[in-house]
Q: 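Got a structure for you, questions after.
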There are 2 protein chains.
Amino acid sequence: MPATYDNVVRVSGHAEAPRLAAKAPRIEMVAQLAGVSPITVSRALRQPEKLSEATRRKVLEAVERSGYESNPHARALRSGRSTLVAAFVSNILSQQFGLAIQGLAAELEPEGYELMIGQTSYSYAKEVAMVRSLRSLRPAAVMFTGVIELEENRQALRELGIPVVETWAFPRDPIDMLVGFSNVDAGAMAARHLIEKGYRRLTFIGRSGGRGALRLQGFREEAGRSGLTLARIVTVDEVQSIADGRTALTTLLAEGGPVDAAFCANDLLATGAVIEARARGLAVPSDLAILGFGDNDAAGEIAPGLTTISMDAHDLGRRAGELLRARLAGQEPQHAIQSLPLHLITRGST
Amino acid sequence: MPATYDNVVRVSGHAEAPRLAAKAPRIEMVAQLAGVSPITVSRALRQPEKLSEATRRKVLEAVERSGYESNPHARALRSGRSTLVAAFVSNILSQQFGLAIQGLAAELEPEGYELMIGQTSYSYAKEVAMVRSLRSLRPAAVMFTGVIELEENRQALRELGIPVVETWAFPRDPIDMLVGFSNVDAGAMAARHLIEKGYRRLTFIGRSGGRGALRLQGFREEAGRSGLTLARIVTVDEVQSIADGRTALTTLLAEGGPVDAAFCANDLLATGAVIEARARGLAVPSDLAILGFGDNDAAGEIAPGLTTISMDAHDLGRRAGELLRARLAGQEPQHAIQSLPLHLITRGST
DNA sequence: TTGTACGCGTTATCAC
DNA sequence: GTGATAACGCGTACAA
């Protein structure tokens, strides 16, 4: 059956609608309109404080009237600085990363920066390719939802000479700026909570490398401080969906042996684990307690509600944007290394 | 308590790691290395067929040796073409849009295009601002997860003279290329399913404009063909989370009057509705049937599983990428207007 | 405070 | 098939 056409509503006469000339106006035309030289127009936009009040107003009005926007390529070529900010996420589908990008965009877009987004898919090879492309793209700044592990990439990023913000972890030696949190602390917080609640046979479900490994480390160490050894560890590859959490719990249970509680390195895994546990007739938390990380949208909605460790991802992105903005404005931010607090959100699953 | 440092593992010696010079080499240096003029280097990279075999090999070897990558800003300034592809999504947090972007990236990144992502937040004002910025950014192509409604923006996009793909609807008059599906058909499919199942007092929950209105139209028309009038319509503003679905169902129930089934314009709403219904002690589907759209990750995992209308968003993005690639390679794609099939996925909620 | 002259790195155009 | 020249649109450096 052929598709029915959608009669999409066409709207016209929007207040802010552009009346765009076929060709974008150039600085020269605006200058003529305002009766000044091109460089004065440039200054009105970049260094308005250097112009007299009268000139500035005259020029800005001409800019408004003509709908002028400077050509970012010409600007980048001449000044060596572009308005492109590159953001790299491990997985564009992650809700947490999405929130961080929204926070970043909220800070940077009003300043006239454009956001370029790349997905590294947790792959070194992709990370290498992207860092390489940065050299010729010459973005104004770079943000990663994560930290760079490859030494060569760290070096390459330093040599770019542009502001770099890493996030989502709290390493001793960030490349440049950092808005992170301690994954080791997150793991410890998880262990402490479960132990306080009386659980003793603890397990961990998460990726084997990167932040998963750090959360496991904190989890294991804190358990050790109470004289406990982890009952079991289930490692997973890339986590894309709730289904991966169901699979992971199946693996955990298939391995046999008694288990009280599972700390899942993210809420997608934890949500899947809760759903799978209940589907198998296990009571959560009395048969198996489940603790997540990240406070996803769905975490509070399932039954029982997922106890999880939360971090404000939107705020993380916003702060990263603040740091970049300051640097790009030529200031040195006061707190170039920040760690965000983690919060335990207690719901029914533990 | 101060944050504990994460001892992030540092990796070096990665096979593909870049050995980058501090300053990017320019075309002039490569030309000297190869003993040719700069324009010959340019041709070796852009129109290799115009050079003799020997010259081409000589130049490409020099490119390799120096690690040269052309400056995209200079290239864009001079040629009017960039390697940036702009993609606009209504909401970056949407799983469906994320999948489409992944599909698009999978097609375009291997070809050397960079993806720039903007979020319009369902706002005309933002759409206007973004379209305006495109004029000077001169992207190679543009993709929207949606169709452009503002006549002025449609005109502006046409005048850019670059390939444009619209998606997610099936209008009669796309700006340029289209990989869409019929939202009217989706609504009709929903009504047909619910009516076949025996439900008679049908309601709709969704946004009042755009695709929501189209799905409502199809839903209402198909109900009308069975002599049914919709029992109620609940309109919502921007949908960000499952919680919005819970709120919407609360509104629906508060308005009183008997209701058999609700068609929610997306799965976030539908998932929230199922959860809220059950929280209120309603049996799904016997007290209230709920049908969604989009087949989100969580849709199959809640209890009862959500019956929903699915469309392959990753495939949509991939096809959009294919169309753009063809156009950018100077070919005219055979199927510049495509509609994707919709599938009813029957689970327990209806 | 404003203007003039020039160059950023590349490619279009035309000549050989 | 290859090269010389100029130009893309802007902002730096310096002059007035």
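Chain identifiers are assigned alphabetically (A, B, ...) following the order of the sequence lines, protein sequences preceding nucleic acid strands; residue numbering begins at 1 within each chain. The structure presented is a predicted model; accordingly, all values stated were derived computationally and were not measured.
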Q: Given atom CD of B:Gln47 and atom C1' of D:dG3, what is their separation to the nearest angstrom?
A: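 It works out to 14 Å between those atoms.
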Q: With each end axis built from five pairs of C1' atoms, what bend angle do you get for the helix from C:dT1-D:dA16 to C:dC16-D:dG1? Round to 10°.
A: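 End-to-end axis angle for the helix from C:dT1-D:dA16 to C:dC16-D:dG1: 30°, rounded to 10°.
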Q: Would you say D:dG3 has OP1 or OP2 under 4.0 Å from some side-chain N or O of B:Thr40?
A: yes
Q: Over how many whole Å does the gap from B:Lys50 atom NZ to C:dT13 atom C1' extend?
A: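 Spelled out: NZ on B:Lys50 to C1' on C:dT13 is 11 Å.
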Q: According to a strict under-4.0 Å criterion, is A:Ser42 in side-chain N/O contact with OP1 or OP2 of D:dC10?
A: no
Q: In whole Å, what is the span from the CZ atom of A:Arg75 to the C1' atom of D:dC8?
A: 15 Å
Q: Which pairs count as ring pair (Phe, Tyr, Trp, His ring centres under 6.0 Å) when at least one residue sits in residues 35-54 of chain B, sequence neighbours excluded?
A: none
Q: To the nearest Å, how far apart are B:Leu45 CG and C:dG9 P?
A: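 B:Leu45 atom CG is separated from C:dG9 atom P by 17 Å.
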Q: Any sub-3.5 Å donor-acceptor pair from B:Ser121's side-chain atoms to B:Ser123's backbone N or O?
A: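 No; judged by distance alone, with no hydrogens or angles, the pair does not exist.
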Q: How about B:Arg57: does its CZ atom have over 12 heavy atoms from other parts shown lying under 6.0 Å from it?
A: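 No, not enclosed.
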Q: Between C:dG3, C:dT13, C:dT10, which nucleotide has the shortest distance from any of its atoms to the side chain of B:Ile39?
A: C:dT13
Q: Between B:Arg65 and B:Glu61, does any NZ, NE, NH1 or NH2 come within less than 4.0 Å of an OD or OE carboxylate oxygen?
A: yes
Q: Have a look at A:Ile27 and say if it touches a base, only the backbone sugar-phosphate, or nothing, with a 4.0 Å heavy-atom cut-off.
A: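 It contacts sugar-phosphate atoms only.
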Q: Has the side chain of B:Arg78 got a donor or acceptor atom sitting under 3.5 Å from an opposite partner on the base of C:dA12?
A: no
Q: OP1 or OP2 of D:dG3 sitting under 4.0 Å from any side-chain N/O of B:Ser37?
A: yes
Q: Within this structure, what is the CZ-to-P distance between A:Arg43 and D:dG9, rounded to whole angstrom?
A: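 Between P of D:dG9 and CZ of A:Arg43: 21 Å.
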Q: Any carboxylate oxygen within less than 4.0 angstrom of a Lys/Arg side-chain nitrogen, looking at A:Arg327 and A:Glu332?
A: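 Salt bridge between A:Arg327 and A:Glu332, a charged N being under 4.0 Å from a carboxylate O: yes.
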Q: By nearest atom, which of the nucleotides D:dG1, C:dA12, C:dT2 is closest to the B:Thr55 side chain?
A: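 Of the options given, the side chain of B:Thr55 lies nearest D:dG1.
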Q: How many Å lie between NE2 on A:His73 and P on D:dG9, as a whole number?
A: 12 Å
Q: Could you check whether any side-chain N or O of B:Thr55 sits under 3.5 Å from a backbone N or O of B:Leu51, counting only pairs where one atom can act as donor and the other as acceptor?
A: no
Q: Which of these nucleotides, C:dG9, C:dT2, D:dC10, is closest to any side-chain atom of A:Ser52?
A: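 Nucleotide nearest to A:Ser52's side chain: C:dT2.
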Q: Roughly how many Å is it from CD in A:Glu28 to C1' in C:dA5, rounded to a whole number?
A: 14 Å
Q: Given D:dC10, is OP1 or OP2 found less than 4.0 Å from the side-chain N or O atoms of A:Tyr68?
A: yes
Q: Aromatic ring centroids of A:Trp168 and A:Phe144 under 6.0 Å?
A: no
Q: What is the separation between atom CG on B:Asn71 and atom P on D:dC10, rounded to the nearest whole Å?
A: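 Between P of D:dC10 and CG of B:Asn71: 17 Å.
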